[in-house]
Structures are given as C-alpha cells and as structure tokens.
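Reviewing the structure listed below.
Sequence lines set the chain letters: A, B, ... in the order given, protein chains first and strands last, and positions in each chain run from 1. The shown structure was predicted, so the numbers you read here are calculated from the model rather than taken from an experiment.
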Amino acid sequence: MNDTLLVASIASAISSSTAVLIAATGELLVEKTGVYNIALEGVMLVGALAGFLVDLSSGSWLLGLLAAAVAGGLFALLYGVITVLFRTDLIVVGVALILVAQGVTDTLGTSHVGQSAKSVIPIWNLPLLSRIPFVGPALFRQSIVTYVAILLPVGAAYLLNRTRHGLNIKAIGENPEAADTSGISVIGWRLFYTGVGGAMAGIGGAVITLGIVKDWVSDVTAGEGWIAFAVVFFSGWQPGWVIAGAYFFGALSVLGDVGQALGWSIPSEFFTVLPYIGTILVMILRAWLQRRRGAVSWPAALGLPFYRG
Amino acid sequence: MTIESPRPMLSNYAGLSRASRLRWRIERRAHPLNLGLFRFGAVFVGILLSLAAAPLFTSASAGTLYSSMWSGTLGTTTGFENVLTIAIPLILSGLAASIPYRLQLWNVGIDGQIYMGAWAATGISYHLASQRSFVIIPLMLLAAMVAGSVWILLPTLARVYLGVSEVITTFLMNFVALGWLMYWATGPWYAPSAAGGVFAIAIPTQADLGLLHLNNIVVDWGILIALGLPLAFWAANRYSRWGYEVTMIGASEKAGRYAGMNVKRTLIGTMLIGGALGGLAGALNLMGTNYQLTPGVTNNTGFNGLIIAVLAGANEIGVLMLGIVYSILLSAGDAIQVVGGSADMVFAVIGITLIFGTFGEAYARLHLVRTRTPGMSSTEPEVGP
C-alpha cells in the first residue's frame with residue numbers, strides 16, 4: 001500500500017466515524033440514566049433530513065446542525081415521553097418510531113432526493129500539526145465537527161466521573177429508588193437526557209448529510225444509528241471505548257475503498273457488509289471477554305421503568 | 001421497592017405533612033384492565049385517526065382518496081386478491097416474531113431471513129430446474145427454512161450463551177443478508193433487465209406456486225400455509241409439550257429450570273423456528289409474487305411482522321387477524337400511490353398505530369391519580385415483616 005492511499009484511508013476512516021461517535025456518546029449519557037433509546041436510527045434520520053433541509057434553505061451548515069439538534073432532541077423526547085413517562089416497552093416504541101421516522105423523512109424528502117447540500121461542514125487544517133508529513137494529512141485535516149466529536153466522549157467522561165451532576169446521572173441509572181429518595185427527579189432527569197442524547201444523534205445524522213455523504217437519499221443513515229447503539233454496548237458503558245468502537249466501525253467502512261484502489265478481487269458487497277458483521281463480532285468478543293472476567297458493566301436499572309413506591 | 005398495591009391511606013396523612021401538595025402522578029392500577037382489549041381498541045382508534053388525517057397529507061381530494069382505498073382493498077376482486085397476497089408473508093413474519101416473543105426474545109432480523117430464504121429457494125430451483133413441481137417446491141421451502149434458521153443461529157447463540165442483545169445483532173444481520181443477496185443477484189445469477197432494478201434470473205415455472213380459485217378470487221396457495229400455520233402453532237402452544245415448556249419458561253426462566261426443563265435448548269429451538277418462518281416467508285413471496293430474486297422480496301415486511309406480533313401479544317390467532325388488518329392497510333397504501341399518495345407514508349401509519357397500541361396497553365396498566373406530594377410516601381417508615 002502506498003503512502004497517499006494509506007493517508008487518504010485513515011483520514012476517511014476518521015471522518016466517516018464522526019456521525020457514529022457523536023450519536024453513541026449521546027446514547028451513552030442516556031443509557032447512564034437507565035434508559036436506552038433504541039429508536040436511535042430514526043432520531044438520526046430525522047436529524048439528517050432536518051439538517052439538510054435547513055441547510056438548503058438557509059445556506060448555512062451551522063444552522064443545519066442546530067436544526068438537526070432541535071429536531072432530533074424533540075423526536076427523542078417524544079420517545080422519552082412515551083416510554084419513560086407512560087412506562088411502555090422501550091423496544092416496541094423504538095421500532096414504531098423508527099418506522100415513523102422512515103415514513104415521514106421519505107415523504108418529506110422525496111422532492112430532494114439526489115440534491116446536494118448547499119453548504120457543507122468545512123475542513124479545518126490544524127495549524128502546524130497538519131504540516132507534519134504523513135501524520136498531518138491523515139489526522140489533522142478534518143472537518144471542524146470531527147475534532148469536536150473526539151472531545152465529546154472526553155467531556156462525557158469528565159461529566160460522569162468528576163462532577164456531582166455526573167454522579168446523579170449514574171445514581172439514576174444504577175439505583176433510581178435511592179436517587180429518588182435523595183430528592184432527584186428520576187423521570188425528569190431521564191427525559192432531559194433522552195432529549196440531550198437525541199439532539200446529539202440528530203447532529204450525528206446531519207453530519208452524514210452535510211459532511212460525509214453531502215446529499216439526501218432516503219434512508220441515508222443506512223443503519224449507522226444501530227451501529228451507534230451497538231457501539232455503546234461494545235464500550236461497556238465507558239466513554240473511552242466509545243471512541244475505539246466508533247473508529248473501528250469507520251475503519252471497516254473505508255476498507256472497501258482501499259480494496260478497490262488496490263484492485264483486490266473481492267466483491268464490493270463483502271466490504272458493504274463488513275461494518276455490520278464486524279460490529280456483531282466485536283460485540284460477541286467483548287461479551288465473551290467480559291464473561292471470563294465475570295464483570296457486569298451496564299447500569300443496573302438499564303431499561304427498567306421507574307415506579308415510585 | 002416495587003409494591004403492587006397503591007396506598008389508599010396516603011390522603012389521611014396528607015394534612016400532617018408540611019411539604020405536601022396535590023400533584024398528578026401516574027401510578028400502576030391495582031387491578032389492570034384487559035390488556036389485549038385496550039391494545040386492540042387503541043390500534044383501531046389509531047387506524048381510524050390515520051384514515052381521517054390521510055387527506056391532509058396528499059394532493060388528491062378526500063373522495064378520490066377513500067374510493068381508491070376502498071377499491072384497492074375490499075371493494076373489488078383485484079383489491080381483495082392483493083390483500084390476501086400481501087397477507088401471506090406478513091402473517092408468516094408475524095409468526096416469525098411472535099414465537100420467540102413468547103420467550104421475550106426479539107427477532108428483529110426477519111427481513112434478513114426473508115432474503116436468505118428467497119436466496120436459498122432460488123439456488124435450489126436453479127439446480128433442480130429439470131425436476132417436477134412436487135419435488136422442487138417442497139425442497140425449495142425446506143431450503144428456505146434451513147437458510148432462515150442458519151441466519152438467526154449466530155445471534156441466538158450469542159444471546160443464550162453470552163447475553164449479547166439479540167435486538168441489535170439480529171437487526172444488523174439484515175444488512176449482511178442484503179449484501180449477500182445483492183452479490184448473487186448482480187453477479188452469478190444476474191439477469192439483464194430493461195426495466196432497471198436488481199433482478200436475478202427467473203426461477204423455473206414449475207417452481208411457481210399454483211393458483212387457488214375460490215369463486216372468482218384467485219390467489220396462490222401460499223395463503224393456505226399462511227392461514228394454517230398460525231392455527232397449528234396455536235394448537236401446539238396449548239397442547240404440546242414444547243408449547244407448555246415455552247409458556248412456562250416465558251413466564252419465568254427460573255421456574256422452568258427448577259422444573260428440570262432444558263431452558264437453553266428451548267430458547268435456541270424457538271429462535272430457530274422463528275428464523276425458519278422468516279425464511280419460509282421469503283420463499284413464498286419469491287414463488288408466489290416475485291418469481292425472481294430481488295431486494296424487493298421484502299418491503300419492511302419483517303418490521304411489520306414484528307409489530308403484528310407485539311400487538312397480538314404473541315397470540316397466534318391474533319397474529320393471523322392483525323396480519324389481515326395490516327395487509328388491508330398496506331394494500332390501501334399501495335392503492336393511494338396511484339392518486340398521488342406517498343409510498344412510505346403507510347409505514348409511518350403502521351408505526352403510529354403501534355404507538356397507539358402501546359398507549360392503550362399503558363392505559364390498561366396505569367392510571368393518573370392526584371395525590372399529596374410523593375416526597376412523603378418515601379419517607380414513611382417501611383413496615384417490616
């Protein structure tokens with residue numbers, strides 16, 4: 001493999017991980033409060049379309065991301081209200097909302113299929129660092145959002161491990177009854193973080209339409225929401241491993257381009273399915289390693305509805 | 001901490017508490033209402049509301065919209081044939097989800113099993129192209145069921161032995177199956193098509209399912225499988241040993257284990273049956289509708305089947321009935337495309353009816369009460385045994 005190709009592949013792997021990384025970090029925070037948003041794919045889809053449409057009409061990618069955050073946040077909040085407040089089944093409602101998101105985005109986006117985003121998220125060459133041979137072009141000539149995305153899990157780790165606020169989040173996810181007794185509104189916090197996680201997933205979706213694919217096709221997220229969901233499981237609910245999981249996915253998703261460039265005689269479909277099969281296999285591997293250590297890592301109240309008294 | 005009964009004594013203390021104030025709260029009902037009744041009722045309310053709202057989302061006038069819906073479903077022979085044809089894979093997908101769901105296992109990978117079933121059936125039909133129908137058709141159905149089971153095997157083993165959530169893994173397998181199908185349909189089995197789209201070479205004509213003539217209604221005999229299997233599984237669940245084990249383990253894995261049942265074997269077997277039914281749905285769709293391997297062999301059928309299973313509360317007769325209700329809905333969705341409706345809006349409608357269903361069930365389980373501030377109830381001393 002020559003250097004230019006390797007550099008381009010690494011750069012592309014990092015940029016295509018961005019959407020998953022942002023969505024998975026948001027989902028990690030949600031799950032730390034004891035709720036899992038399985039409608040993540042739908043939330044990303046809603047964000048992707050909202051961001052794209054606002055970008056088209058306003059000509060500003062920043063407004064697009066903002067709109068995606070609002071739309072994703074509201075859509076996730078809908079999920080939160082139905083599941084957290086009315087104590088309905090998370091998986092059932094998640095599947096339903098994914099279908100709703102598919103139907104609605106397909107309908108609203110029909111007339112925009114194939115259109116390109118008006119303003120795309122710009123590339124920012126980091127001063128000095130981007131001039132380092134090899135490493136610079138591979139790592140430090142990314143879109144602005146990509147740099148921010150790497151900081152998000154770091155921020156999440158700080159929030160969860162170093163602040164009182166984070167301690168409350170963890171208390172709600174581990175032992176909601178105890179949190180409730182100490183005066184924390186379990187339902188309120190859960191709803192709030194479902195919204196926050198949704199806003200981040202919405203931004204993740206818009207990163208796809210405004211920074212990675214740069215146009216609109218129906219079902220543009222192509223399972224990245226599910227991958228983000230899987231990455232959180234893979235991470236063992238640790239922010240650092242979220243980064244690793246997202247980049248692993250990114251690396252698998254650019255392998256096809258590498259193969260094509262090098263003229264490997266492997267069918268392109270193999271590379272298309274690689275991120276999915278890879279995600280399944282690492283989830284299994286991770287669970288197997290965890291079983292051997294005998295550690296349980298998910299928040300104890302994950303997925304359980306909260307009833308007081 | 002979870003106490004089933006509400007606290008009727010609460011209001012008596014209320015005046016004593018300084019912090020108390022009246023607030024609305026959602027609490028569990030002491031005696032839940034009939035879950036199935038409220039779920040079904042809410043689904044029908046959801047369908048009616050969606051129908052009422054439909055004219056707002058299309059350019060056609062309300063009159064044309066409703067008349068095209070009616071003639072596309074129950075109003076005409078063609079419409080009714082269409083409903084029955086769509087119902088075949090839908091009911092089978094519903095079963096594919098509902099049988100594992102009895103054990104709280106989720107088969108979210110039915111679309112993938114449909115792809116694999118159709119793929120396996122296609123492969124068999126090419127190899128046995130010189131054989132007669134009575135040889136080739138059973139072998140195709142069998143191969144499809146095996147392929148569907150194989151497709152769910154890895155997620156099942158990961159779930160049973162390592163606790164890896166089957167919701168994610170079964171779903172991700174859908175993408176892998178689609179890639180597999182695309183490879184065969186665009187590569188070794190590719191058939192150049194003028195119309196565009198991905199299609200493999202057509203299966204031999206003797207592999208097509210025959211047609212049933214009921215008065216003037218013509219439908220392929222896959223409908224008999226779709227009507228018969230729910231009844232067979234309903235009976236098996238009530239009268240067979242397997243059905244008893246599934247019911248027992250579904251209620252409590254621990255109880256099943258204490259009773260000496262092989263829990264793991266039942267979990268795995270039930271998932272594999274789900275996968276086989278998904279594969280069967282794919283083969284029947286191929287042999288009765290498409291006649292060519294194509295990604296169009298499923299159109300969200302798996303997800304719709306999952307929804308049917310959940311709304312039916314994993315009852316096979318409920319799956320059968322809701323399968324027909326939803327195939328009417330999907331046929332209506334097809335029909336309104338002609339007059340300018342959106343093709344995918346019907347999926348949103350299906351999602352909305354599911355949410356209505358969950359709300360209906362929530363209403364049967366929960367109620368809104370106005371009580372004194374809950375802060376008090378948690379400071380009440382717990383009375384020990």
Checking [X] against chain B: side chain, backbone, both or neither under 4.5 Å from a heavy atom?
X         : value
Phe86(A)  : both
Ala222(A) : backbone
Ile38(A)  : side chain

TODO: Quick one: which of Val104(A), Val93(A), Val95(A) has the most heavy-atom pairs under 4.5 Å with chain B, could you say?
DONE: Val95(A)

Report the distance from atom [atom1] of [X] to atom [atom2] of [Y], rounding to the nearest 0.5 Å.
X         : Y         : atom1 : atom2 : value
Phe171(B) : Phe229(A) : CZ    : CZ    : 12.0 Å
Glu361(B) : Thr88(A)  : CD    : OG1   : 9.0 Å
Leu154(B) : Leu281(A) : CG    : CG    : 6.5 Å
Ile98(A)  : Phe347(B) : CD1   : CZ    : 14.0 Å
Ile82(A)  : Phe359(B) : CD1   : CZ    : 4.5 Å
Ile284(A) : Tyr161(B) : CD1   : OH    : 13.5 Å

- [ ] Please lay out, stage by stage, how Leu99(A) and Phe303(B) fare under the test side chain to side chain contact (heavy atoms under 4.5 Å, CB included).
- [x] CA-CA 8 Å; Leu99(A) 276 177; Phe303(B) 254 164; 4.1 Å; yes

Tell me, side chain or backbone of [X] under 4.5 Å from chain A's heavy atoms, or both, or neither?
X         : answer
Ile352(B) : both
Thr353(B) : neither
Val310(B) : side chain
Asn300(B) : side chain
Ile307(B) : side chain
Leu306(B) : side chain

Task: Max heavy-atom pair count under 4.5 Å with chain A, selected residue of Leu354(B), Ile168(B), Val164(B) - done: Ile168(B)

Do [X] and [Y] come within less than 4.5 Å of each other through their side chains, counting heavy atoms only?
X         : Y         : result
Arg28(B)  : Tyr307(A) : yes
Glu269(A) : Leu181(B) : no
Ile227(A) : Leu172(B) : yes
Phe175(B) : Thr272(A) : no

- [ ] Any chance you could lay out the side chain to side chain contact (heavy atoms under 4.5 Å, CB included) test for Leu162(B) and Met283(A), step after step, and finish with the verdict?
- [x] CA-CA 10 Å; Leu162(B) 294 169; Met283(A) 274 182 79; over 6 Å; no

